[in-house]
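Working notes, beginning with the structure itself.
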Protein chains: 2
Amino acid sequence: MSDLDTTFTALADPTRRAILARLASGEATVMELSEPFTLSQPAISKHLKVLQKAGLITRSRDGTRRPCRIQPETLAQATHWLEEFRKLWDARFRALDDLLDDMKAGHEPGPRDH
Amino acid sequence: MSDLDTTFTALADPTRRAILARLASGEATVMELSEPFTLSQPAISKHLKVLQKAGLITRSRDGTRRPCRIQPETLAQATHWLEEFRKLWDARFRALDDLLDDMKAGHEPGPRDH
DNA sequence: GACATATTTCACCATTTAGTTATATATCTT
DNA sequence: AAGATATATAACTAAATGGTGAAATATGTC
């Protein structure tokens with residue numbers, strides 16, 4: 001499974017997005033992360049494992065606690081894909097606009113000067 | 001299932017991302033989209049249905065063909081979520097940096113003036 | 001109307017996912 | 001060493017996913 005696959009899969013779940021949003025405002029333990037949800041604690045642990053495998057969070061040890069924090073690089077990768085995609089898409093539409101301009105201007109499609 | 005759920009789920013599959021990338025350079029039929037893959041054609045139809053349900057593509061009719069094209073608004077929504085998330089994340093780190101600066105400057109954490 | 005082509009739908013299968021409860025492990029406290 | 005707390009793992013279940021081949025549907029053509 002590619003990096004982007006696991007990243008987008010991880011982001012596809014609302015619980016996991018909520019966990020990430022919570023972590024954006026600082027480190028938190030499993031208990032703290034479980035609190036807002038009706039889910040069982042093992043369910044949250046599972047979600048955390050998915051986020052960790054996707055490289056979206058890292059975990060440390062503090063006594064009996066295993067605090068989580070965000071690892072921003074991986075998200076940057078996903079953003080990058082979307083951004084590249086948008087560029088491709090924009091390029092296509094600039095080309096299409098130019099073509100339409102040309103047709104309107106004089107029925108002679110060719111290179112433009114802007 | 002929320003919009004973001006279906007969007008990110010759709011983006012989590014490499015075949016579907018490849019289809020989107022192909023569509024970024026212009027409309028294409030199911031046959032054309034199937035061609036690069038070893039998958040059966042019904043498999044591609046399924047992927048297209050997922051993309052359509054997610055609002056990532058639209059479809060029209062041209063004789064017996066059902067050409068697909070990208071619908072950019074939905075992708076913009078996903079990008080927006082990532083962007084908002086990044087802002088939250090950045091804000092946290094600006095706050096943390098300020099705190100560290102304060103500690104270095106004189107052991108008196110408090111509001112800054114920049 | 002018969003035929004060919006493009007696409008969808010159907011019935012099925014294997015795998016993965018998200019959840020559960022119960023149990024195990026690890027660490028701190030006494 | 002015993003007990004308490006935080007977390008992980010195990011065993012299980014129900015539903016979703018991604019694939020298949022075979023058949024149905026829709027449209028254009030002869």
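With sequence neighbours left out, the side chain to side chain donor-acceptor pair (under 3.5 Å) criterion links B/Glu35 to no other residue. For A/Ser25, there are no side chain to side chain donor-acceptor pair (under 3.5 Å) partners, not counting sequence neighbours. The side-chain contact (heavy atoms from CB on, under 4.5 Å) check on A/Asp90 picks up A/Arg86, A/Arg94, with sequence neighbours excluded. Under the side-chain contact (heavy atoms from CB on, under 4.5 Å) criterion, B/Thr38 pairs with no residue at all, not counting sequence neighbours. Residues satisfying the side-chain contact (heavy atoms from CB on, under 4.5 Å) criterion with B/Thr58, sequence neighbours excluded, are B/Arg69, B/Gln71.
A heavy atom closer than 4.0 Å to some atom of DNA chain D occurs in B/Arg16, these being the qualifying members of residues 14-35 of chain B. The stretch residues 44-63 of chain B comes close to DNA chain D through B/Lys46, B/His47, B/Arg61, B/Gly63, each having a heavy atom under 4.0 Å from the strand. Sorted by residue number, the members of residues 36-43 of chain B with any non-hydrogen atom under 4.0 Å from DNA chain C read B/Gln41, B/Pro42.
A 4.5 Å side-chain heavy-atom check between B/Glu83 and A/Leu82 finds every atom pair outside the cut-off. Side-chain contact between B/Asp13 and A/Phe8: absent, with no pair of heavy atoms (C-beta onward) separated by less than 4.5 Å. Side-chain contact between B/Leu48 and B/Cys68 is present, with heavy atoms from C-beta onward closer than 4.5 Å. Here the side chains of A/Leu33 and A/Leu23 are in contact, with some heavy-atom distance below 4.5 Å.
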Pick out the pairs of N or O atoms, protein on one side and nucleotides 23-25 of chain C on the other, that lie under 3.5 Å.
none

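Applying the side chain to side chain donor-acceptor pair (under 3.5 Å) test to pairs two or more places apart or on separate chains, those with a residue in residues 42-53 of chain A are A/Arg16-A/His47, A/Gln41-A/Ser45. Among pairs with a residue in residues 52-78 of chain B, none fulfils ring pair (Phe, Tyr, Trp, His ring centres under 6.0 Å), at least two apart in sequence or across chains. Contacts classified as ring pair (Phe, Tyr, Trp, His ring centres under 6.0 Å) and involving residues 56-91 of chain A (residues at least two apart or in different chains) are given here: A/Trp81-A/Phe85, A/Trp89-A/Phe93.
Note that the OG1 atom of A/Thr79 and the CD atom of A/Gln77 stand 9.5 Å from one another [nearest 0.5 Å].
The CZ atom of A/Arg65 sits 11 Å away from the C1' atom of C/dT27 (whole-angstrom rounding). Taking atom CG on B/Asp5 and atom C1' on D/dT17, their separation rounds to 15 Å, with Å as the unit. To the nearest angstrom, C1' of D/dG18 lies 12 Å from CE of A/Met1.
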